[in-house]
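To start, the structure itself, in structure tokens.
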Amino acid sequence: MTGFAITPPDVPALAIFGSDQTFPLRRVFCVGRNYASHAREMGADPDREPPFFFTKPADAVVPASGTLPYPPATKELHHEVELVVALKEGGADIAPDQALDKVWGYAVGLDLTRRDLQVVAKKEGRPWDMSKGFDASAPCSPLQPVSCTGHPQQGRIWLEVNGQLKQEGNLNEMIWPVADVIAYLSRFVTLAPGDLIFTGTPAGVDALKPGDRLRGGVDEVTTFELTIGSR
Ligand code: MN
């Protein structure tokens, strides 16, 4: 017997700046609390925690443009603007000084979060999947190849909602820089080409409502603009 029993799903992919090609996606990893200011606003001590990770489905990645659906089952959809790293190579137990060689490019994304569900999950000791990994929960700008951006180590990361600055930080405030994130994550899973990593958000996360207009960016990478749709 050969062949798939149903039509195989499309390979999720991300747009690339200035290219007709797209970047195929394998998995999406996210770092929790990678900026001290955000760790503190969530009630954690940034000095005491090693990085921790959660995941989103690859097909939760959607373009950070146009109008995004307001997801069901939440009354508290939070924005988290993040630098996104795309891997062209993988491996296990990657050394920090080899880690940036695995990077294909960078983007800016939102780790959208159903905060009300996450609060319950934390309290009850339940998984975060339904608070973090819902449909369209990972809007992301087109990728910029490393040949255009280098490996940004500093620069402003910011998000405006309806023209008001809500989140602002600097990449140099990351507790675990990109190379350390890749190295640490590769101790838990064998990383692979097509993996994306959302690298954490600075302080200022807050709830979105239908009709909100978002603009965000990382100064060394790119910017994006989108609108939150109706419920
Ligand atoms: Mn996040």
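Note that ligands are numbered from 1 as they come in the structure, with each ligand's atoms numbered from 1 the same way. The shown structure was predicted, so the numbers you read here are calculated from the model rather than taken from an experiment. Excluded from the calculations below are hydrogen atoms, water molecules and symmetry mates; all remaining heavy atoms, backbone and side chain alike, are included.
Note on ring orientation: taking the six-membered ring where Trp is involved, the planes of W176 and Y184 are tilted (angle from 30° to 60°). Under the 30°/60° scheme for interplanar angles, the aromatic rings of W104 and F23 are found to be tilted.
When you scan the N, O or S atoms of E82 for the one nearest the Mn ion (ligand 1), you land on OE2. Restricting D111 to its N, O or S atoms, the one at the least distance from the Mn ion (ligand 1) is OD2. Closest approach between the Mn ion (ligand 1) and any N/O/S atom of E80 involves OE1.
With hydrogens and angles left out, the side-chain atoms of S37 and E173 include no donor and acceptor closer than 3.5 Å.
Applying side chain to side chain donor-acceptor pair (under 3.5 Å) to T201 and the options E80, H38, E82, Q167 leaves one that passes, Q167.
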